Amino acid sequence: MTSFHDKVVAITGGASGIGLATAKILASRGATVSLADINQGGLDSAVRALSAVGGGNHSGTVVDVGDSKAVTDWIQRTVSDHGKLDGAVNLAGMVRVQRPLKDETDEAWARTMHINADGVFYCLRAELNVMKDGGSIVSASSVASHLGMAGLGAYCASKAAVNLLTKTAAREHPNLRVNAISPGATATPMVAAMEAEMGHSQPTVAACINRQADPSEIAQAIVFLLSPEASFITGSVMDVDGGYLA
Ligand SMILES: NC(=O)c1ccc[n+]([C@@H]2O[C@H](COP(=O)([O-])OP(=O)(O)OC[C@H]3O[C@@H](n4cnc5c(N)ncnc54)[C@H](O)[C@@H]3O)[C@@H](O)[C@H]2O)c1
């Protein structure tokens with residue numbers, strides 16, 4: 001099991017779900033974690049939870065990933081506070097009310113693309129500017145980046161953008177490793193909110209493993225991609241979907 005002792009890792013969307021699960025594993029292996037999220041209360045309890053788990057001097061900063069300057073300031077402050085950035089995990093994301101494309105609104109389209117695609121671009125740019133050789137970045141894609149999903153056109157398009165931002169960054173930075181994960185349905189507050197809106201649970205029958213993932217199962221894959229054990233993996237979009245795309 002790789003130790004992250006003395007490593008500094010920045011995580012967006014770290015107050016909840018997959019981001020919080022990733023932060024807990026990293027802290028338990030000795031990393032110092034710099035969390036960013038729009039949810040101040042969630043950040044406060046996440047930092048308390050991380051400090052109980054272990055690791056270094058964890059911090060939580062309110063950052064909207066749709067705010068380019070706020071993202072850059074947070075990454076630069078992470079480096080000035082901790083001296084370096086070894087890893088970054090770009091998980092902040094959103095899904096809007098499900099609506100077919102013919103009825104999609106300009107506002108919902110723009111907001112989804114802004115947070116999920118522009119937001120990952122702002123994070124990647126800030127991270128690529130400060131990371132030294134050997135650094136590793138993982139961003140949140142989705143099974144929805146690989147196929148059409150009725151009612152989720154904006155979400156699908158925004159996650160497809162993450163895939164090619166990831167591959168482009170990997171080509172431009174052979175001294176780093178830049179990857180994405182493509183989770184299937186995972187039991188987080190995001191999915192719970194979607195299920196409440198739909199009035200039924202997110203179907204998983206298309207997967208080989210017919211259940212939702214626990215957030216820790218996605219987090220383990222992210223931690224692997226951050227670690228030296230993934231030393232020859234870059235530019236990849238790793239399926240962590242219980243065989244949904246098999
Ligand atoms: N849960 C799933 O089934 C699933 C599947 C595929 C991909 N994903 C992706 O994984 C990522 C994490 O999702 P999750 O399921 O853990 O969701 P979650 O809702 O539990 O966590 C997302 C976090 O992002 C934060 N956030 C939202 N908008 C933000 C913004 N503008 N700036 C900063 N923080 C913001 C939220 O406050 C929340 O803490 C997302 O990008 C999501 O699209 C999730």
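Note that this is a predicted model, so its numbers are computed, not measured. Start at 1 and go down the list; that is how both ligands and their atoms are numbered.
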Next on the checklist: If you apply the rule side-chain contact (heavy atoms from CB on, under 4.5 Å), what do you find for S80 with Q76, and how did you get there?
Outcome noted: CA-CA 6 Å; S80 62; Q76 290 183 346; 6.0 Å; no

Checklist entry - Salt bridge check: are E107 and R96 linked by an N-O gap of less than 4.0 Å? => result yes

Checklist entry - Hey, are D73 and K69 close enough for a salt bridge, meaning a charged N less than 4.0 Å from a carboxylate O? => result yes

Next on the checklist: Students should find this: residues with any non-hydrogen atom under 4.0 Å from ligand 1. What is the answer?
Outcome noted: G13, A15, S16, G17, I18, D37, I38, V63, D64, V65, L91, A92, G93, I115, A140, S141, S142, Y155, K159, P183, G184, A185, T186, T188, P189, M190, V191

Next on the checklist: Quiz question: by atom type and distance under 3.5 Å, do the side chains of R125 and S68 form a donor-acceptor pair?
Outcome noted: yes

Checklist entry - With no hydrogens and no angle check, do the side chains of T12 and N90 hold a donor and an acceptor under 3.5 Å apart? => result no

Next on the checklist: Does N179 form a side-chain contact (heavy atoms from CB on, under 4.5 Å) with M238? I'd like the steps, not just the answer.
Outcome noted: CA-CA 8 Å; N179 294 291; M238 179 185 275; over 6 Å; no

